[in-house]
There are 2 protein chains.
Amino acid sequence: MARTNAGTKGVPRAEREQQILAVASLAFGTDGFAATNLADVAAEAGISKPLIYNYFGSKEGLFAACLDEAGDLMAGEIERIARGDAVGIERGIRTLDGMFAVLDEQRHLWRLLHDRTAPSTGAIADVVSHHTERIDKLAHEGVTELLALAGDTDERDISVMTAAWLGIVDSLMDWWVAHPDETATQMNERVTRLFTALLVDIVRGDA
Amino acid sequence: MARTNAGTKGVPRAEREQQILAVASLAFGTDGFAATNLADVAAEAGISKPLIYNYFGSKEGLFAACLDEAGDLMAGEIERIARGDAVGIERGIRTLDGMFAVLDEQRHLWRLLHDRTAPSTGAIADVVSHHTERIDKLAHEGVTELLALAGDTDERDISVMTAAWLGIVDSLMDWWVAHPDETATQMNERVTRLFTALLVDIVRGDA
DNA sequence: CTGTGGTAACTTACCCGAGAGTCATATAGG
DNA sequence: CCTATATGACTCTCGGGTAAGTTACCACAG
């Protein structure tokens, strides 16, 4: 007759870590770093708080691990698209499509990299800057190409436009999170239609 | 010989409230609701914490007051622009110019309405939704007009595009906050130049 | 032009709950 | 029987919120 629930349950560390990461990523992505408490995460994962500390060291350590996984997934996909031959607007659309495809079942991951409630120093900052640098570099590259087509090579213009582009991606992801019934394919079509409407039809009709 | 620092300093309530609001808005706008602590706000305002509670009731009450002031400033300006005769892209540019002008010396105010760390229920939620509804309504109206020029009247397309537009505004404000030396006039010119580059030069040259 | 009492403007010193982080301990499996 | 996997029951700090008082200004009686 067991008086406590202690003792191994036969789940190896690597597997348990993955399971904790999944639960924690959802919580962090949904509520943000500050508003997430580890007791809840532990309960949801069906384990106890000390086990999390055993495996990840601290709340920041856990967040950094979530961040690293999510950041690598996203930056990896963006890099993959960038190696393709699309240029200008087409490259933007393809990047968005790639994000929709990769994040379909885990849209909340997008928020992890932009969490303003996370500490801006220490291990977390390192992981964040590592991945955002990968992403920003490619966004900057794409925008530079795009604006070059219009003869604009002003560095600050490029910087502003890059920020705006990332803002567009961000808001589209937000909208997608708020509309769970919308599929990746539908988003894809919608975005393509909107870009076309704006850049072709409107300019020809009205300017 | 004063043993305590208690006792009035001759500052009337209305004036003190304004002063607290200014300090609090900066703190909330910079660090977010959750990461702001009232002891610091009080210290920065040169008064003690209980005075804040005396005048605003609670942390949420203080935030709601900041929000109401900022929201009214921004929504008011957007409504003013909307009453003008600009349509389509031109309306978007004028709206941005208005925001740059109004927020020039207090760029952090923009963040207050989008603070994800603030409680999403109670008095704060009411104030937030009151102002965001004013703003969203006009954004939706402007986007509807714009997309109608391209023959797109799909309600979800309009919803996505509105989200993207607000995302653009958001990211431009962020960029502006991060570049304090950039004047409102410079932002104005930059945005106009970029819209022109994208919508005219690129489409004509490449599509 | 003086008391004097009422009130608005203030503060010090505290309470208390939430949540990060830890310690000592338990037990299943090789 | 040893160790990786696990936990119940703590501690401690931070910060929102409060109780109880202190002091300056002001209106008005004398």
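In what follows, chains carry the letters A, B, and so on, assigned in the order in which the sequence lines appear, proteins first and then strands, with residues in each chain numbered from 1. No hydrogens, no waters, no symmetry mates; every other heavy atom, side chains included, goes into these values. As the structure is a computational prediction, the values presented were derived from the model and not from experiment.
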Chemist: Does anything in residues 60-70 of chain B pair up under salt bridge (charged side-chain N to carboxylate O under 4.0 Å, His left out), and if so which pairs, sequence neighbours excluded?
Modeler: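 Qualifying pairs, neighbours excluded: none.
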
Chemist: Please confirm whether the shortest side-chain N or O distance from B:Arg16 to OP1 or OP2 of C:dC10 is below 4.0 Å.
Modeler: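 Indeed, a polar side-chain atom of B:Arg16 lies that close.
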
Chemist: In terms of the nearest nucleotide of DNA chain C, which residue is placed more toward the 5' end: A:Lys9 or B:Thr8?
Modeler: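 This one resolves to B:Thr8.
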
Chemist: Looking at residues at least two apart in the chain, or sitting in another chain, which of them share a salt bridge (charged side-chain N to carboxylate O under 4.0 Å, His left out) with B:Arg16?
Modeler: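 Salt bridge (charged side-chain N to carboxylate O under 4.0 Å, His left out) check on B:Arg16 returns nothing, list empty.
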
Chemist: Taking side chain to side chain donor-acceptor pair (under 3.5 Å) as the definition, give me every residue that meets it alongside A:Glu141, ordered by chain and number, with sequence neighbours left out.
Modeler: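 With neighbours one apart ignored, the set is A:Arg91.
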
Chemist: In whole angstrom, give the distance that lies between atom CZ of B:Phe63 and atom C1' of D:dG16.
Modeler: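 After rounding, the gap between these two atoms is 16 Å.
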
Chemist: Rounded at 0.5 Å granularity, tell me how far OG in A:Ser129 sits from CD1 in A:Ile124.
Modeler: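 One finds 12.0 Å between OG of A:Ser129 and CD1 of A:Ile124.
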
Chemist: Do any of residues 24-48 of chain A sit with a heavy atom less than 4.0 Å from DNA chain C, and if so which?
Modeler: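 When residues 24-48 of chain A is checked for heavy atoms under 4.0 Å from DNA chain C, the hits, listed by number, are A:Thr36, A:Asn37, A:Leu38.
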
Chemist: Considering only residues two or more places apart or on different chains, which pairs with a residue in residues 22-34 of chain A satisfy salt bridge (charged side-chain N to carboxylate O under 4.0 Å, His left out)?
Modeler: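 Passing the test, one end in residues 22-34 of chain A: no pairs.
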
Chemist: If you only use heavy atoms from C-beta on, which nucleotide in D:dT5, C:dC23, C:dA13 is closest to the side chain of A:Arg13?
Modeler: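 Of all the options, the side chain of A:Arg13 is nearest to D:dT5.
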
Chemist: Looking at residues at least two apart in the chain, or sitting in another chain, which of them share a salt bridge (charged side-chain N to carboxylate O under 4.0 Å, His left out) with A:Asp40?
Modeler: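 Residues passing salt bridge (charged side-chain N to carboxylate O under 4.0 Å, His left out) with A:Asp40: none at all.
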
Chemist: For A:Ser159, check side chain to side chain donor-acceptor pair (under 3.5 Å) against everything at least two apart and list the hits.
Modeler: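 In terms of side chain to side chain donor-acceptor pair (under 3.5 Å), with neighbours along the sequence ignored, A:Ser159 is linked to B:Trp175.
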
Chemist: For B:Asp72, check salt bridge (charged side-chain N to carboxylate O under 4.0 Å, His left out) against everything at least two apart and list the hits.
Modeler: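 Only B:Arg134 meet the salt bridge (charged side-chain N to carboxylate O under 4.0 Å, His left out) criterion with B:Asp72.
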
Chemist: Check each residue of residues 51-62 of chain B for a non-hydrogen atom within less than 4.0 Å of any atom in DNA chain C, then write out the ones that pass by number, or none.
Modeler: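 Those residues are B:Leu51, B:Asn54, B:Tyr55.
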
Chemist: Go through the structure and list residues passing salt bridge (charged side-chain N to carboxylate O under 4.0 Å, His left out) with A:Asp174, not counting sequence neighbours.
Modeler: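 Salt bridge (charged side-chain N to carboxylate O under 4.0 Å, His left out) check on A:Asp174 returns A:Arg111, B:Arg116.
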
Chemist: Show every salt bridge (charged side-chain N to carboxylate O under 4.0 Å, His left out) that has at least one partner inside residues 157-168 of chain B, sequence neighbours left out.
Modeler: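 Pairs touching residues 157-168 of chain B that pass the test: A:Arg190-B:Asp157, A:Arg193-B:Asp157.
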
Chemist: Strictly below 4.0 Å, heavy-atom distances to any atom of DNA chain C: list the hits from residues 111-128 of chain A, or just say none.
Modeler: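 Close to the strand, none.
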
